Amino acid sequence: MKTPNEMTIVEAARALRARALTVRELWDACAAAAHAKNPELRAFLEIFDADDAAITTAQKRIDAGDPSLLCGIPLALKDNILTEGKTASAGSKMLENYHATYDATVVKKLRNAGALFLGRTNMDEFAMGSSTEHSAFGAAKNPHDISRVPGGSSGGSAAAVAANLSIAALGSDTGGSVRQPAAHTGIVGLKPTYGAVSRSGLIAMGSSLDQIGPLTKSVEDAHLLYEAVRGIDPLDSTTIPDGLYPPRDVSQNVRIGVPRHLLHDGIDADILIAFNAALAALASAGHTLVDVELPTSAYALAAYYVIMPAEVSTNLARLDGIRYGHAARGETLLEDYVRSRTEGFGEEARRRVLLGTFVLSSGYIDAYYRKADAARAVLRREYGAAFAKADVIAFPTTPSPAFRFGEKSDPVSMYLEDIFTVTANLTGMPAISVPLQTVLRDGKQLPIGIHFTAPHQAEGVLFALGGAVEKVR
Ligand code: GLN
């Protein structure tokens, strides 16, 4: 028998309706687990006190037959998603004392659905990283092996869900930050189509890449949470209406495109074995494997690490010690800026601001930023062509299982973690990571994930195929 905090959203919603569980009991089970485990895992930067009024209202709604499955469900939110009146630090000293003055659109939607908020989760500073080691408040740990990272930047959200401290969570994904930590902790992570989910109230990292996405214990839960937060929003002009892209007609038989030419060096042998076994099982279950060529994919990571820092340098410019955030005073205005930003930002944030400023500077914008932007357009065309013969493209989510703290202290080795995930952000396409079987490392079973990318607004095929993976793995 599962304890309440171990349940999925759908299981908990069912138990609440069967009167086998009350909203209070569910909240208490999650809050107790969170308080007990957080000193070790550091998944949460803050665990909220129970909101008695919200708990009572949710119970009343359920008793009155409210159909919202999220009603009464405790969720965790990444620390870059604004909740009115609460701190939102984005894992940075810069915003340590910043209190949100409004709810992010996703928070508003979840509140209306009756969801409860357990706390804000640990993350790499301003979502820059793949391990949470760049959090200004100490890294989160992987519940499967606490000597290893939970992935990042939404590592706190992933650890909270994987350790059953929260029923589900939201993260943000700029280059893989929902999918990669999901893979490293054995849960499901979805990066929706760019514009599917409002970014209003999300602290921006790379505005043309960022999307908020669910981290959940099942594909069904990811689908449910995605439906609850998506939709056009007047507060975010980049949100898109339903049907903007031509609908994809996907039969029971999904055509899975496999870019074999990209699956060689640098990928852990056990991951490749598990990946191939999963594809073979999907083929036996009636799906079709097709070879696809994505030659420009080899340059996706390089393009991402030009475009993303360019946008980071722009987005972080507002944190100058004058308007809001950490403020240190010097003798001159320039000194105010320099001191505030040097003290407020960690090493990785400073590195990316410098890189971004460089690639946008007048002497280099053509050589770097514009080239990367052109590569982005080529990638989009290439994927478009591949989608003529395949419904999805498959990759392992990460080239290796969760690594040890300190193992990737060289920034480029950390950046290589994102090799299979960044293309979905560069092209705006939706992508999902679904757990496969585990691999054994130093006596510990470590989770790994399979990654599928679909055409714009074809999340439906990701949920269908993700569900199929859960059956065959
Ligand atoms: N790991 C990637 C990076 O460091 C992705 C970050 C993200 O998706 N927020 O940029």
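As the structure lists them, so they are numbered: ligands from 1, and atoms in each ligand from 1. Positions are given from 1, in the same order as the sequence printed here. All values reported here derive from a predicted model rather than from experimental measurement.
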For [X] and ligand 1, does the shortest N/O to N/O distance drop below 3.5 Å?
{"X": "S172", "result": "no"}
{"X": "G176", "result": "yes"}
{"X": "M128", "result": "no"}

Which of these, V258, T453, I256, sits in a side chain to side chain contact (heavy atoms under 4.5 Å, CB included) with V392? I256
Under 4.0 Å between a Lys/Arg side-chain N and an Asp/Glu carboxylate O for R255 and D391? yes
Less than 4.0 Å between a side-chain N and a carboxylate O, is that true for K86 and D79? no
Strictly distance-based, threshold 3.5 Å: is any side-chain N or O of [X] a donor or acceptor partner for the main-chain N or O of [Y]?
{"X": "N5", "Y": "C30", "answer": "no"}
{"X": "N315", "Y": "M205", "answer": "yes"}
{"X": "S177", "Y": "T174", "answer": "no"}

For atom 7 (C) of ligand 1, the protein heavy atom that lies nearest, with its residue and separation: S177 OG, 2.3 Å
Nearest-contact summary for atom 1 (N) of ligand 1 - protein heavy atom, Å: S130 OG, 2.8 Å
If you take the centroid of each ring, where Trp contributes its six-membered ring, are Y305 and Y415 closer together than 6.0 Å? yes
According to side chain to side chain donor-acceptor pair (under 3.5 Å), who are the partners of R404, at least two apart in sequence or on a separate chain? S147, D442
N/O donor-acceptor pairs under 3.5 Å from side chains in residues 190-204, not counting sequence neighbours:
unit_1, atom_1, unit_2, atom_2, d
K191, NZ, A424, O, 3.3
K191, NZ, M429, O, 2.8
T193, OG1, Q457, N, 2.9
T193, OG1, E459, OE1, 3.3
T193, OG1, E459, OE2, 2.8
Y194, OH, R199, NH2, 3.0
Y194, OH, S207, O, 2.6
S198, OG, S200, N, 3.0
S198, OG, D233, OD2, 2.5
R199, NH1, S207, O, 3.4
R199, NH2, T238, OG1, 2.9

What atoms in ligand 1 come closer than 4.0 Å to a heavy atom of [X]?
{"X": "S153", "answer": "9 (N)"}
{"X": "D173", "answer": "8 (O)"}
{"X": "G175", "answer": "5 (C), 7 (C), 8 (O)"}
{"X": "M205", "answer": "9 (N), 10 (O)"}
{"X": "A127", "answer": "6 (C), 7 (C), 9 (N)"}
{"X": "Y305", "answer": "2 (C), 3 (C), 4 (O), 10 (O)"}

Using a 4.0 Å heavy-atom cut-off, say whether [X] meets ligand 1 through its side chain, its backbone, both or neither.
{"X": "F126", "result": "neither"}
{"X": "D418", "result": "side chain"}
{"X": "Y304", "result": "side chain"}
{"X": "E348", "result": "neither"}

Determine, stepwise, if the pair Y368 / F358 fulfils ring pair (Phe, Tyr, Trp, His ring centres under 6.0 Å). CA-CA 9 Å; Y368 293 103; F358 175 77; 5.7 Å; yes
Touching ligand 1 at all, R352? Heavy atoms, strictly under 4.0 Å? yes
